[in-house]
Amino acid sequence: MEKCIAGFGEIMLRLCPSGKHRFAQVLPGELEATFGGGEANVCASVAMLGVPSRYLTALPENAIARACTAQLRGIGVDVEKVVYSKTGRMGVYFAEMGSNARGSNVIYDRAGSTVSLLSAKDYDFAAMLDGCSHLHLTGITPALSQAAYEATLEMARFAAAKGLTVSVDLNYRKKLWNWEEGTEKRVLAGRCMQEIVSFADIIVGNEEDAQDVFGISATDTAIDSGKLNIAGYQEVAKKLSARFPKAKLIAITLRESISADHNNWGGMLFDVAADKAFFAPLDAEGNYVPYQIHDIVDRFGGGDSFVGGLLTALNVPELSAPDQAIRFAVAASCLKHTIPGDMNYVSRAEVLNLMKGSASGRVMR
């Protein structure tokens with residue numbers, strides 16, 4: 001089967017004040033418009049890193065949606081299986097960039113989006129996944145509506161039955177999961193993601209997703225203060241693997257948020273069969289020493305760029321060993337913090353250079 005990584009989910013129009021401005025400073029006035037969404041960001045990264053990818057979604061039939069898919073096509077993503085519908089609208093999210101002690105802020109305007117309204121029967125899973133070897137899903141799209149949850153679940157079930165590798169990023173969003181009245185958000189997320197993740201060969205999360213969704217936490221970790229017990233995430237991975245026996249790999253991003261402008265960044269990949277965790281980046285003695293990212297340009301899409309790097313590495317023979325795959329994923333996502341917008345406009349060569357220690361930012365002539 002040809003190596004083609006598909007991702008299914010919602011993409012949105014993203015509207016931001018320029019620089020570090022606040023909404024109140026620029027409105028009425030101009031906002032910068034780009035596109036972004038968890039699964040689309042992964043597909044974009046994969047394509048730009050040199051592995052075939054296909055983005056699957058449902059969009060309204062209008063000029064803005066067509067501009068969105070044209071952009072993805074322009075960076076090498078296959079968008080020929082996108083479903084265009086007269087139902088619904090394109091979701092929007094407003095993002096305000098944080099600085100120092102002031103965190104970034106997101107306002108969602110995605111109720112009634114096409115993806116949230118269409119049901120599983122509106123998609124031809126066989127045609128959408130034809131020629132693909134991998135399907136990537138997240139916890140964002142099923143958080144939109146019951147219909148979006150059921151479509152995500154059925155696509156996961158179909159892909160697994162056809163022998164595709166399935167990856168799922170837990171991606172808990174506390175502003176979503178509102179679609180079942182009377183059910184607490186985390187309870188709903190846990191119940192629904194239990195079903196979806198049961199089909200996953202690869203599970204991905206950040207330093208708090210497993211706790212938010214499944215109540216599995218690392219000991220001696222205080223996420224709000226940016227203090228992580230890195231070793232504790234091996235136990236998180238082992239508990240996830242015990243709960244989801246189909247999973248072969250479990251990846252966790254490790255972000256220590258010193259401020260909105262300074263994050264320490266790394267990751268862990270747990271190989272279930274080997275019962276071994278691999279961390280990155282490492283110093284010359286093999287000790288985990290995270291990248292110190294100062295003067296962050298844009299951290300949105302950081303986790304998605306990690307997944308894009310990981311899935312790319314796992315599909316490139318010389319990078320597919322767990323120790324190399326996690327190094328590549330972390331380096332790719334480190335570079336994303338330097339790039340405006342949701343998507344990671346970096347090449348494989350740039351990621352490999354950072355892996356080799358080229359982090360000076362010198363001009364290349």
Side-chain angles (χ1 to χ4, degrees), residues 4-16 30-48 52-95 106-132 135-156 158-159 171 173 175-176 178-179 300-301 304 341-343 345:
C4 179
I5 297 170
F8 170 73
E10 182 179 46
I11 190 168
M12 294 170 287
L13 181 69
R14 169 180 142 166
L15 298 174
C16 297
E30 297 181 351
L31 295 173
E32 297 175 350
T34 54
F35 297 105
E39 306 86 356
N41 298 340
V42 170
C43 291
S45 286
V46 168
M48 286 186 276
S53 73
R54 177 181 298 167
Y55 182 54
L56 306 171
T57 191
L59 289 169
E61 178 55 272
N62 62 39
I64 297 173
R66 291 289 181 175
C68 175
T69 51
Q71 184 200 12
L72 290 170
R73 185 184 297 110
I75 56 180
V77 179
D78 177 359
V79 291
E80 298 311 307
K81 303 298 184 182
V82 168
V83 174
Y84 294 95
S85 173
K86 294 181 180 179
T87 300
R89 56 182 283 255
M90 190 170 199
V92 178
Y93 89 94
F94 300 83
V106 168
I107 299 172
Y108 289 130
D109 177 23
R110 56 203 301 185
S113 67
T114 303
V115 167
S116 72
L117 296 177
L118 266 57
S119 65
K121 65 179 176 58
D122 295 308
Y123 301 103
D124 183 344
F125 297 144
M128 294 169 82
L129 294 172
D130 182 45
C132 294
L135 173 65
H136 179 67
L137 304 167
T138 78
I140 302 173
T141 298
L144 299 175
S145 67
Q146 183 171 351
Y149 156 64
E150 291 173 352
T152 304
L153 176 60
E154 289 307 309
M155 184 171 281
F158 181 91
N171 273 137
R173 297 289 185 264
K175 291 186 178 181
L176 301 177
N178 303 306
W179 52 262
F300 289 95
D304 304 324
D342 267 43
M343 297 176 190
Y345 284 82

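- Between T141 and T57 there is no side-chain heavy-atom pair separated by less than 4.5 Å.
- E154 is not listed as a side-chain neighbour of Y123, based on a closest heavy-atom distance of 4.5 Å or more.
- Looking only at side-chain heavy atoms (C-beta outward), C4 and D78 stay at 4.5 Å or farther from each other.
- A 6.0 Å sphere centred on CD1 of I75 holds more than 12 heavy atoms belonging to other residues, nucleotides or ligands.
- Under the 4.0 Å criterion applied to side-chain N and carboxylate O atoms, R14 and E32 are not assigned as salt-bridge partners.
- Contact annotation: the side chain of M128 never approaches that of L135 to less than 4.5 Å [non-hydrogen atoms, C-beta and beyond].
- With hydrogens and angles ignored, the 3.5 Å screen pairs a side-chain donor or acceptor of S53 with a backbone N or O of C43.
- Note that CE of M48 and CE of M343 are 7.0 Å apart. Values are rounded to the nearest 0.5 Å.
- Here the side chains of F300 and Y93 are in contact, with some heavy-atom distance below 4.5 Å.
- The aromatic rings of W179 and Y149 lie parallel to each other, with less than 30° between the two planes, well short of the 60° mark.
- A 4.5 Å side-chain heavy-atom check between T69 and I11 finds every atom pair outside the cut-off.
- Separating the CD1 atom in I5 from the OH atom in Y55 is a distance of 15.5 Å, to the nearest 0.5 Å.
- Taking 4.5 Å as the limit, some side-chain heavy atom of R110 sits within range of a side-chain heavy atom of L176.
- The shortest distance between side-chain heavy atoms of F35 and L13 falls below 4.5 Å.
- For the atom pair OG1 (T87) and CG (L59), the distance works out to 12.5 Å, reported to the nearest 0.5 Å.
- Ionic pairing of R54 and E80 is not present here: no N-O contact between side-chain nitrogen and carboxylate oxygen is shorter than 4.0 angstrom.
- Separation of atoms CZ (F8) and CG (L137) is listed at 8.0 Å; rounding is to 0.5 Å.
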